[in-house]
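Report on the following structure.
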Amino acid sequence: MHKISLALRRVPGNIYTLLAITLVFWIVCKPGTFLTGSNMINIAGQCSFLAIASIGSLLAIITGGIDLSVGGIMCFSGVVAAVLAKGGMPMVFAVPIALLAGTAAGVVNGLIIAKNNVAPFIITLAMWNITESLALVVAKGATVSVNTEEFRLPGSGELGFLPYCVIIAAVVYTIFHVITRKTRTGTYIYAIGGNEAAAHLTGINVARSKFLVYTFSGLTAALAGVLLASKLGSANPGQGAGYEFYGIASAVVAGASMAGGNGTVWNTLVGALIITILRSGLNIAGMPNSWQMVVLGLVIVGVVFIDVMSRREK
Amino acid sequence: MGKQILKLENITKEFPGVKALDGVTFELNEGEVHVLLGENGAGKSTLMKVLAGVHQQNGGRIIYKGEEVKFSNPKQAQDKHIAIIYQEFNLMPNLTVGQNIYLGREPRNKYGLIDKKQLYAKAQEMLDFLQVDIDVQEQVSRLGVARQQLVEVAKALSIDAEILIMDEPTASLSDPEIEQLFRTIKRLQEQKVSIIYISHRLQELKVVGNRITVIRDGKSIGTREADKCTMDELITMMVGREIGNTRIRSKNTAQDEDAVRVEHVTNRKLEDISIHVRKGEIVGIAGLVGSGRTELANAIYGIDAIKSGKVTLFDRQLRKPSPGLNIRNHMGFIPESRKEDGLALSMSIRKNTTCASLKELFPSGWINEKKETETSAGFCKDMKLNTENMEMLVQNLSGGNQQKVVLAKWMCTDSDFLIFDEPTRGIDVGAKEEIHSLMNDLAVKGAGIIMISSDLPEILNLSDRIYVMREGRIVKELPGEGTTQEEIIGYAAGKEEKNA
């Protein structure tokens with residue numbers, strides 16, 4: 001046990017090794033399907049929704065918390081955007097309103113968690129249910145299809161060969177990289193995860209930082225939800241389901257510890273990429289959807305196990 | 001000596017049910033090292049937390065540089081250049097040295113982003129001033145305790161501290177590290193920084209301090225010039241209190257046979273501990289906070305691992321002790337914090353009493369509630385619990401009665417060796433006497449007992465023998481009868497150097 005965990009820690013950049021293993025696995029299983037230009041663009045496109053949503057999961061995890069409402073907020077904002085667009089509202093208005101709606105859920109999470117010091121687990125679990133049900137209400141229980149060019153543009157439009165959603169994801173990642181690495185807010189988020197009581201004694205406004213984290217998480221989930229609806233040309237109230245899991249998985253696979261205090265934005269992007277590649281690889285290999293979840297679950301268990309083991313050795 | 005920079009006048013602080021500070025007065029001059037000395041729980045740390053803005057006083061005034069100030073949070077005290085280094089460091093292990101030093105006050109560039117170059121350059125300046133060789137980009141978790149403490153000092157310097165409070169700074173340092181710390185303190189003094197130095201290690205006080213103020217039971221007892229007072233004078237000031245009640249143990253019931261033998265036990269916190277407890281004997285373990293008393297209990301009970309040495313219980317060596325095994329071996333542990341470690345507060349008296357012995361009571365796995373109620377009622381009656389309703393939730397009981405439920409639980413397991421860690425902390429006088437007489441009864445019936453306590457009268461009134469611990473070692477074995485509080489404190493605080 002000891003030797004294994006020591007060895008694992010010596011592997012440089014664990015996550016890139018994992019990425020490489022995933023790729024090799026695919027290339028060996030179905031030769032000639034991965035290294036095609038269209039496939040890689042396709043994967044980047046699929047990955048962008050998860051990648052954006054994962055940022056919120058990551059931020060919550062860095063503070064030592066968790067955000068389970070990501071999937072629900074995605075459904076809700078996606079449905080809001082679709083319903084508004086279907087009603088004839090121009091996208092320049094519909095998108096910001098949908099983003100605001102999702103962010104509002106994050107704000108509520110943040111207020112309750114920060115001000116009353118309630119466990120994030122239970123609040124965001126409730127918010128997941130609330131937003132998913134609100135999505136049902138807004139959509140009147142059915143799928144909302146919007147087949148206009150305008151609605152589908154952000155999700156499926158392309159600039160040259162690059163899909164817009166990939167560009168948007170790149171911009172979002174750059175912004176959050178700067179926030180976490182270069183701003184005080186970013187440092188405080190890590191400080192809280194490292195030692196919350198000490199952060200308070202140092203004079204850091206812990207409540208404010210936590211509030212911001214869940215607000216950001218609401219915003220990124222909403223953005224992911226709107227893009228996903230736009231890509232599919234429709235929104236249904238179950239559409240974001242599972243993303244809270246994939247989001248947490250991306251962050252954890254990328255080395256964020258559930259105990260808080262570490263994990264980086266760029267690594268989370270790689271984490272999201274691994275999850276996406278794994279999923280579409282399993283798809284192409286013809287594995288049924290239900291089994292895919294089993295494999296993904298086992299990957300998470302393995303990674304968390306390694307994380308716990310390496311921390312115990314310290 | 002410089003002019004007065006700080007005066008605390010008649011500070012009082014009450015927590016629910018406890019008066020932690022009761023009119024403390026304390027003065028500090030510019031460039032002075034003023035030692036705050038006192039026993040466990042005397043109120044030293046509370047007083048400093050009031051000054052650092054963590055707690056707010058209920059009464060009294062803080063006069064800083066001639067003006068009355070009031071801090072409602074730590075940030076406000078920092079803004080006035082008052083820094084505190086807690087015994088438990090407040091560093092973020094996941095951040096770098098530089099990030100920790102400037103945490104909360106990061107320098108920013110014109111875009112409002114953190115200026116890392118400047119941050120590390122300034123942090124380097126602080127460390128250069130302290131003449132220590134630490135990489136500012138190193139992650140704090142990779143540093144040893146001594147170096148982490150220097151980072152704390154650098155952090156304090158970075159807010160241009162004019163008053164620096166150090167709570168037990170040498171508690172986890174080795175001798176050369178302590179020397180380095182003292183050199184650092186001298187340098188700070190030269191920069192006119194005033195230092196409040198909390199400690200209960202008598203040896204070092206005279207080396208580092210200019211004046212010494214003793215507090216006891218939340219009151220200031222007096223202030224002495226460090227070079228004009230004797231250790232005995234300080235010890236008398238620290239103890240001072242009369243032993244109220246007389247000796248509870250009228251007769252030493254110790255038998256010849258050992259209940260437990262601890263031989264040369266060493267681990268992270270303990271150094272070569274050898275003690276033994278006879279059947280029917282109460283052995284007191286005295287020592288100041290951090291002397292390793294609880295760690296010793298944890299090592300015997302198998303909560304902490306033992307590196308070398310052995311523990312023998314009733315002539316059987318415990319190879320891999322665990323709570324489950326201990327219960328089968330009839331060893332019980334009454335922990336220091338009954339609410340956290342001793343009881344399931346939201347459960348009934350009945351469930352709490354029987355939960356450690358369900359296997360013996362109900363081997364089939366089915367719980368017979370009637371039998372369970374009778375069993376727990378029996379033990380609770382022995383404990384003189386003031387209720388007969390076994391369905392009452394433990395959280396609704398007073399502290400003394402909660403402790404009796406913990407005792408009933410261990411009686412139920414038929415323990416004949418028991419470790420009591422602070423058995424009467426926070427318990428009213430009446431219940432305290434009852435628990436003492438219960439412990440006496442247990443010993444009379446032949447149980448071996450280890451009692452860890454900070455309450456010296458309790459140790460003196462109840463023990464047949466006393467071990468005094470300091471810095472993870474047993475420094476002295478004393479008889480229970482005829483020993484004085486002054487003797488115990490003398491050994492616990494290290495009046496006599498290394499007297500093993």
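Because the structure is a prediction, the values reported are computed rather than measured. Per chain, numbering begins at 1; letters A, B, ... match sequence-line order.
Neither the backbone nor the side chain of B/I84 comes within less than 4.5 Å of any heavy atom of chain A. For B/R108, the part sitting under 4.5 Å from any heavy atom of chain A is the side chain, from C-beta outward, and nothing else. B/Y86 touches chain A through its side chain: at least one heavy atom from C-beta onward sits under 4.5 Å away, while N, CA, C and O do not. Only the side chain of B/L95 comes within less than 4.5 Å of a heavy atom in chain A; its backbone stays farther off. For A/Y190, the parts lying near chain B are the backbone and the side chain together; criterion is any non-hydrogen pair under 4.5 Å. Looking at B/E106, the atoms closer than 4.5 Å to chain A (heavy atoms on both sides) sit in the backbone and in the side chain alike. Both the backbone and the side chain of A/L201 have a heavy atom closer than 4.5 Å to some heavy atom of chain B.
Annotation for B/E68: atom CD counts as buried by contact number, over 12 foreign heavy atoms lying within 6.0 Å. Counting non-hydrogen atoms of neighbouring residues, nucleotides and ligands closer than 6.0 angstrom, the NZ atom of B/K116 exceeds 12 such neighbours. Remark: B/K269 NZ is loosely packed, at most 12 non-hydrogen atoms of other residues, nucleotides or ligands lying under 6.0 Å away.
Among A/T185, A/T187, A/I179, the residue with the largest count of heavy-atom pairs under 4.5 Å with chain B is A/T187. Put simply, of B/L103, B/I159, B/D115, the one with the most heavy-atom pairs under 4.5 Å next to chain A is B/L103.
Taking every heavy atom of both residues into account, B/P93 and A/G194 meet most closely at CD-O, 4.0 Å. What you find for B/P74 and A/H200 is that their closest heavy atoms are CG-O, 4.1 Å.
Taken from CD in B/Q139 to CG in A/N262, the straight-line distance is 8.0 Å, to the nearest 0.5 Å. Taking CZ from A/R181 and CG from B/L113, the interatomic distance works out to 13.5 Å, rounded to the nearest 0.5 Å.
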